[in-house]
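We use all heavy atoms of the structure for the numbers below, so side chains are in, but hydrogens, waters and symmetry mates are not. For ligands, and for the atoms within them, numbers begin at 1 and follow the listed sequence.
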Amino acid sequence: MSCESEAALAKGLQELCLATMRAQFEAVARQATAESWSYAIYLLELVQQECQQRRQKRIERWLKASKLPLEKSWQTLDLKRLPLKVTQQLRALLSGDFLDRQENVLVFGPPGSGKTHALCAVSQELVRSGRRVLFTKGGLLVQELLAAKRDLRLPAMIKRLTQWEALFIDDLGYVQQNREEMEVLFTLLAERYERGSVLVTSNLPFSKWEQIFKDSMTAAAAIDRLVHHSVIVEMNVPSYRMEKAKRLKGISDPPPSERPGNDG
Ligand code: ADP
Ligand code: MG
């Protein structure tokens, strides 16, 4: 290929925004010659490299936009300490089918049981498989909704949130609401009902959601919408931090049978 043709090809690929093909066409052409590929196979190889690179870039962008804490990943999630049923539920969520059905996921359990980590791990895998998830903290989300309402842009904000297939609300129970805060949260949940998934973690069982929504009618209405199509995960395991602290203590403090001078 002449220098002019090469330059023209590079320019054309740049104009078409095919950066990977532009960077690779010469190297792949050498490989094609060495391995006697047909023209079509050569083109296929370049197209596949371009697609692969774009997919990877898109996932990186979406991971960043998701605001998920990436260290809470599936790899770092210790499944052995979770009940079998929970492990099965989490594994089933990885397929992302529940997002297609606009189902919600509600994770309950005491503080430190691993609710946030487990749901972040699932969410991160979903983003990696091409789904869109946004992580928010309950308290912060409510403040943002309130600010939006004050500026008369609450409908716009709720509409913007529909671009995410799953809205992850971490720690719904910690939200310290007055009536106005409860109302914007309820509006969001009502608007999202059957339009997009909501993923929630909470230390508060449903029986205590009156504390969140201030009155039993609103709490019942919110629960009704969330639960209607949902997967409920009960993480009834002790605090991970507490267990870890106990284990560490156990190492520095061996059981009586292993203490020096004890031959019994
Ligand atoms: P919760 O949201 O239930 O209060 P977190 O998910 O924040 O609990 O977990 C508390 C800490 O323990 C975090 O640092 C988390 O990474 C860790 N942790 C909890 N469960 C597990 C687990 N099964 N495997 C690995 N780390 C865990
Ligand atoms: Mg948490």
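Contact annotation: for Lys72 versus ligand 1, heavy atoms closer than 4.0 Å belong to the side chain alone. Of all the heavy atoms of Asp171, none lies under 4.0 Å from any atom of ligand 1, so neither backbone nor side chain is involved. Residue contacts with ligand 1, taken as heavy atom pairs separated by less than 4.0 Å, involve Arg81 solely via side-chain atoms from C-beta onward.
Salt bridge annotation for Lys64-Glu60: absent, with no cationic side-chain nitrogen under 4.0 angstrom from a carboxylate oxygen. No salt bridge links Glu183 with Arg179; every basic N to acidic carboxylate O contact stays at or beyond 4.0 Å.
Tested against Lys137 for a side-chain hydrogen bond (donor to acceptor under 3.5 Å, both in side chains), the candidates Asp170, Asp171, Thr116 yield a single pass: Asp170. The only member of Arg131, Arg132, Arg195 that meets salt bridge (Lys or Arg N to Asp or Glu O under 4.0 Å) when paired with Glu165 is Arg131.
The aromatic rings of His229 and Tyr193 lie parallel to each other, with less than 30° between the two planes, well short of the 60° mark. The aromatic rings of Trp209 and Phe206 sit perpendicular to each other, their planes meeting at more than 60°, with 30° as the lower class boundary.
Residues Tyr42 and Glu35 are not in side-chain contact: their nearest non-hydrogen atoms beyond the backbone lie 4.5 Å or more apart. Counting only heavy atoms from C-beta outward, the side chains of Lys115 and Met235 approach each other to under 4.5 Å. Annotation: side chain of Leu90 is in contact with side chain of Leu77 (closest heavy-atom distance under 4.5 Å).
Annotation: atom 3 (O) of ligand 1 to nearest protein heavy atom, Lys115 NZ, 2.7 Å. Taking atom 2 (O) of ligand 1 as the reference point, the nearest protein heavy-atom neighbour is Thr116 OG1, 2.8 Å. Of the protein's non-hydrogen atoms, the one nearest atom 10 (C) of ligand 1 is Arg241 NH2, 3.4 Å. Scanning all protein heavy atoms for the shortest distance to atom 15 (C) of ligand 1 gives His117 ND1, 3.4 Å. Counting only heavy atoms of the protein, atom 24 (N) of ligand 1 lies nearest to Asp78 N, 2.7 Å. Scanning the protein for heavy atoms near atom 8 (O) of ligand 1, the closest one is Gly114 N, 3.2 Å.
Near Thr76, meaning under 4.0 Å from one of its heavy atoms, ligand 1 places the atoms 24 (N), 25 (C). Taking every heavy atom of Tyr240 and a limit of under 4.0 angstrom, the matching atoms of ligand 1 come to 12 (O), 17 (C), 18 (N), 19 (C), 20 (N), 21 (C), 22 (C), 24 (N), 25 (C), 26 (N), 27 (C). Atoms of ligand 1 lying under 4.0 Å from any heavy atom of Pro111, numbered from 1 in the order shown and given with element: 4 (O).
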side-chain hydrogen bond (donor to acceptor under 3.5 Å, both in side chains), that's the test. Do Gln49 and Gln53 meet it? Break it down for me. CA-CA 6 Å; Gln49 286 194 17; Gln53 187 64 21; over 6 Å; no
Test side-chain hydrogen bond (donor to acceptor under 3.5 Å, both in side chains) on His117 and Thr76; report intermediate values, then the result. CA-CA 9 Å; His117 192 137; Thr76 57; 3.2 Å; yes
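The closest approach between any non-hydrogen atom of Gly109 and ligand 1 is not below 4.0 Å. The closest approach between Pro110 and ligand 1 falls below 4.0 Å for a heavy atom of the residue. In this structure, Thr201 has no heavy atom closer than 4.0 Å to ligand 1.
No side-chain donor-acceptor contact under 3.5 Å links Ser197 and Asn104.
The heavy atom nearest to atom 1 (P) of ligand 1, out of those in Ala118, Gly112, Pro238, Ser73, is found in Gly112.
In terms of polar-atom proximity, defined here as any N/O pair under 3.5 Å, Ser113 does make such a contact with ligand 1. Considering backbone and side-chain atoms alike, Leu82 places every N or O at 3.5 Å or more from each N or O of ligand 1.
Among the atoms of Thr116, an N, O or S atom is found under 2.8 Å from the Mg ion (ligand 2).
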